[in-house]
S.K.: 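Okay, handing you the structure first.
Note: hydrogens, waters and symmetry copies are ignored here, and every other heavy atom, side chains too, is used. Numbers for residues simply follow the sequence, beginning at 1.
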Amino acid sequence: MDSTCEGHSSGPDDVTSSTTDDDSVTEKKNPPLAFTEKRIDITQDFLAAASELELGELVMGENFTLHEAMSAIELMDPKMDGGCFRLRVHPTVEDVVAQGWLRGMPDDEVLATVDATFACLVSWMEGAFIAQTLHTNLLMTDPDVLSAACECQPEKEEKDRVAGRTMTALSHGLAHMAILVRHAIGSASVCEETLDLIKAAEKTLITVGKSNNDRVPVLNAVVDRLAWLRAALEAMQHMIIPRHNMYSKDDDGEPINFRPRLRQAAERLSTAVECATRFHDTVEMGKMAPVGQDGDFGWLTCFIPDLNRRYLPPAFPRKSEFLTRRHGLKQLEKFTRRLYDVATNVPHIQYLRSFCELESCALSRSVLQLVLLPNDERVLGETHLMDILKDTIKMQTGAPLMYPGSPSNKSEVVQELFDEFASDAVRVYLCLIQAFGHNSGRQRDKIGIIFDDFANLQLEAERVDQEATIVTGLYAQAHGGDTKGPPIGTHLASFMNIQSLRLIHWYFELGFRLELFAECEYASVWWYMREIVSKWTFSWVDNATKFIYAEYQSDLMKYQKENPKAVKTRTSKLIKMDEKFKKKLANLKNLYTQGEEVVYTGMHMFCVGLQASGKMRIPELLPGQSEKMRYDHRMASLQPFAHPYYVPFPNYKASSGIDVMVLQGATKCFNDAASCFKSAKDALSLHTGDARCLAQARIAGQNSIVCKILASGARPDAKVEFDFSDKGFPFAPTLKLT
């Protein structure tokens, strides 16, 4: 073992020279090691020093930390260094065309190659390296060279151009598809030449099929693949902002607005879905793998599995898992349907939030994000997000500061504070919308960070309400109690608290969907959902309902004062006022369901009963501390809210009374839980038009029976299973006895 390596002697100097342009980065805490030309054998010294280490100990120094130790690989060891194998010389795209690979390719291999390439595309979209998936097809690596090479090889008959035309169209189409995925859609655009090229290839295949009836089924299957590719690219062109418009501005310096053309996109995606549904029936027409499994597609002429190994970073040897052609085409059909769903539904926050649960991938979520907010802060490229925010505040609370002519509306101080609040809220909601574009796990992590911003918005809302109250009070004193509008109150605070509680609700719902909670944590989580989320939501919704009613009464009195003759007559304006009032109440009513709170109470009591009966064990790694550590870990993200939404562990133990309930015995807990579930079933069954409530009622009814069985002692040895398979309401599992 040598202390230096000649091949690496210039590395540190190169790195240093590239970082000395900026004075702020010239200072080095750890200067690079000086290399000498003389080699010294340190093998024995190294082994002697290593022998002094105990099992599990690692060496650490200023220039060699734990990160370097864990990241180190042994060069030229086949088990650790993926680049130690000899690189083979592979043919180029020009060689493939010149040697006639495409000229003699059978139709079934053309179809198999297209399907395998689609499967590689899906494998890459699911997280594998593009160099180990899509670009293992040599023809996909350079579309322009492939086009030029094919044009320089004139074929005698049109039928000999099938493979060349197909692969050229596929190469160009997937190159643009890769751009869409790689740049998260936003910086990509589709060239008309690519679409024309794909369409020309389709016509060639159809023409060849007319003169060769025996080739028609396979050629039609290839046409379906190309038609899908063209329709998908055209649809994305309608749905996402082109690259050249992304940062363009008009003559006034304003960004050029892009409005997604969802109707046109839906038409093209409808065609793509029709094509994708036929993939499954025709995949067997392609060439079959010699061993019965697709593997890495190395058995196809155009695929070279280790084609791009030289471009992979030094790392442990790893091999990408390829989807089979059948599985890849099935995933492609699901992806097409998800895009069609985006194009046919008007996106909103709730839809965006739950989209991650609907078998979506990174590409479909990115498309949804850019459809909702193509550029800047305009929803669907039309309405500014701030206008939507203000309309929502007015719809849910009827804030007087937005009431024309009210003292707070005329106050410059109040309006300045409100504008600052609205501007900050738009920024936070943009971050939240971006978080909703992630998968469930990452979305939950992002929301935990955004809680801090929501807590600050609550403080800003309270400050605006306080200033509005002062201004309105001074005006009322000077004008004999007249407030020129609805009475002032905690309107903005009500709005922000409702929004925060809904976000907390979704945060815990994601925890259940991801199965993050251990059974011993269920009691504390369901207690929090009942005692904090549900009860405080009801309180703030009740406040907002009173504000809406006060606004309605104020508008009604103002109208009757201006139109005395219309008091006894139901004019069209009065009818519109009533409809608007009922719509606002219905909107608030949807934010809270009393049956859910009772379900949470039943689940909490049931878990306490399991603890009392010994059917649920609470692990104790540290006596008296383990439960607190788990609770603090689960509630840590809520600390920015402080009281009342963040409940410290001692307060939880005191407020829940869980220790007293355990002492009262399991039978009482199970009986109380059964009563709660029965009450929840009766309350939720009244919502006949709400599928979610009816599903909760069905679960509550079954859980009530399980609780009664356990309370009776009929099955003392039965084990309890929490079944969360019903994704419609992940908070309350179906209880089963096994």
Side-chain angles (χ1 to χ4, degrees), residues 249-250 252-255 257 348-349 372-436 449-476 478-479 483-503 540 543-544 547-548 550-551 554-555 580 584 587-588 640-641:
K249 298 183 181 296
D250 57 20
D252 297 329
E254 296 294 329
N257 289 331
H348 50 81
I349 294 294
L372 184 65
L373 293 169
N375 56 350
D376 294 333
E377 302 164 359
R378 295 183 181 275
V379 177
L380 296 178
E382 298 179 359
T383 309
H384 200 286
L385 185 59
M386 181 171 291
D387 296 333
I388 296 178
L389 176 67
K390 291 181 178 180
D391 289 343
T392 306
I393 295 174
K394 194 171 184 179
M395 173 69 73
Q396 289 190 0
T397 65
L401 58 86
M402 304 176 69
Y403 198 96
S406 67
S408 55
N409 183 264
K410 293 181 179 180
S411 172
E412 294 182 0
V413 176
V414 174
Q415 289 302 312
E416 183 178 349
L417 289 174
F418 177 66
D419 290 342
E420 182 180 351
F421 162 79
S423 178
D424 291 342
V426 167
R427 176 184 57 79
V428 173
Y429 270 96
L430 286 174
C431 294
L432 184 61
I433 291 172
Q434 186 180 28
F436 286 155
I449 298 173
I450 294 175
F451 280 155
D452 194 15
D453 295 322
F454 268 78
N456 291 332
L457 285 177
Q458 286 183 197
L459 297 177
E460 290 188 38
E462 292 173 2
R463 187 160 58 249
V464 176
D465 285 337
Q466 290 174 0
E467 187 64 31
T469 301
I470 294 173
V471 171
T472 304
L474 294 175
Y475 183 90
H479 295 81
T483 60
K484 289 287 184 181
I488 200 69
T490 55
H491 294 75
L492 287 187
S494 298
F495 170 78
M496 274 313 307
N497 277 276
I498 290 173
Q499 299 302 312
S500 296
L501 288 166
R502 293 182 69 190
L503 191 60
W540 288 112
N543 274 357
F547 296 148
I548 292 298
E551 180 194 28
S554 177
D555 290 342
K580 185 178 179 180
K584 290 183 177 182
N587 178 56
L588 289 172
F641 289 111

S.K.: Given Tyr429 and Phe454, is the ring-ring contact (aromatic ring centres under 6.0 Å, His included) satisfied, shown in steps?
M.R.: CA-CA 9 Å; Tyr429 270 96; Phe454 268 78; 5.7 Å; yes

S.K.: Should we say atom CD of Glu382 is surrounded by more than 12 heavy atoms from elsewhere, each under 6.0 Å from it?
M.R.: yes

S.K.: How long is the straight-line distance from OG of Ser423 back to CG of Leu389, given to the nearest 0.5 Å?
M.R.: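 Rounded to the nearest 0.5 Å, the CG-OG separation comes to 10.5 Å.
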
S.K.: Carefully, step by step, assess Glu551 and His491 under the rule side chain to side chain contact (heavy atoms under 4.5 Å, CB included).
M.R.: CA-CA 11 Å; Glu551 180 194 28; His491 294 75; over 6 Å; no

S.K.: Starting at OG of Ser411, measure out to CD of Glu416 and round the result to the nearest 0.5 Å.
M.R.: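 Between atom OG of Ser411 and atom CD of Glu416 there are 9.5 Å.
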
S.K.: Would you check if Lys390 and Phe418 make a side-chain contact, meaning some heavy-atom pair closer than 4.5 Å?
M.R.: yes

S.K.: At their closest point, which heavy atom of Gln458 faces which heavy atom of Ser500, and how far apart are they?
M.R.: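 Closest pair (atom of Gln458, atom of Ser500, distance): OE1-OG, 2.7 Å.
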
S.K.: Would you compute the distance between atom CG of Leu372 and atom CZ of Phe436 and round it to the nearest 0.5 angstrom?
M.R.: 11.0 Å

S.K.: Within the side chain of Asp387, is there an N or O that forms a donor-acceptor pair under 3.5 Å with the backbone of Thr383?
M.R.: no

S.K.: Return yes if some donor-acceptor pair links the side-chain N/O of Thr392 with the main-chain N/O of Ile388 below 3.5 Å, else return no.
M.R.: yes

S.K.: In Å, rounded to the nearest 0.5 Å, how long is the span from CD of Gln466 to CG of Leu417?
M.R.: 10.5 Å

S.K.: Which pair of non-hydrogen atoms, one from Ile498 and one from Gln396, has the smallest distance, and what is that distance?
M.R.: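 Nearest pair, atom of Ile498 first, then Gln396: CG2-OE1, 4.4 Å.
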
S.K.: Check whether Asn409 reaches the backbone of Pro404 with its side chain - one donor and one acceptor, N or O, closer than 3.5 Å.
M.R.: no

S.K.: Taking all non-hydrogen atoms of both residues into account, name the closest pair between Thr397 and Ala544 and its distance.
M.R.: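 The pair with the smallest heavy-atom distance is CG2-CB, 4.5 Å.
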
S.K.: Do we see a donor-acceptor contact under 3.5 Å between the side chains of Glu462 and Thr490?
M.R.: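 No.
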
S.K.: Taking all non-hydrogen atoms of both residues into account, name the closest pair between Ser408 and Thr472 and its distance.
M.R.: CB-OG1, 4.2 Å

S.K.: Look at the side chain of Asp465 and the backbone N and O of Leu492, then say whether any donor-acceptor pair between them is shorter than 3.5 Å.
M.R.: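 Looks like yes, one N/O pair under 3.5 Å.
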
S.K.: Any chance you could lay out the side chain to side chain contact (heavy atoms under 4.5 Å, CB included) test for Phe451 and Asn456, step after step, and finish with the verdict?
M.R.: CA-CA 9 Å; Phe451 280 155; Asn456 291 332; over 6 Å; no

S.K.: Which heavy atom of Arg427 sits nearest to which heavy atom of Asp453, and what is that distance?
M.R.: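 Taking every non-hydrogen atom into account, NH1-OD1, 4.3 Å.
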
S.K.: Quick one: CD1 on Ile548 to CG on Asn543, what's the gap to the nearest 0.5 Å?
M.R.: 12.0 Å

S.K.: Between Glu460 and Asp424, is any pair of side-chain heavy atoms under 4.5 Å apart?
M.R.: yes

S.K.: Working to the nearest 0.5 Å, report the span between CE of Met402 and CD of Gln415.
M.R.: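 The CD atom of Gln415 is 9.0 Å from CE of Met402, to the nearest 0.5 Å.
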
S.K.: For Ala461 and Met496, which heavy atoms make the closest approach, and how far apart are they?
M.R.: CB-CG, 3.9 Å

S.K.: Would you check if Val428 and Leu457 make a side-chain contact, meaning some heavy-atom pair closer than 4.5 Å?
M.R.: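 Val428 reaches Leu457 side chain to side chain.
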
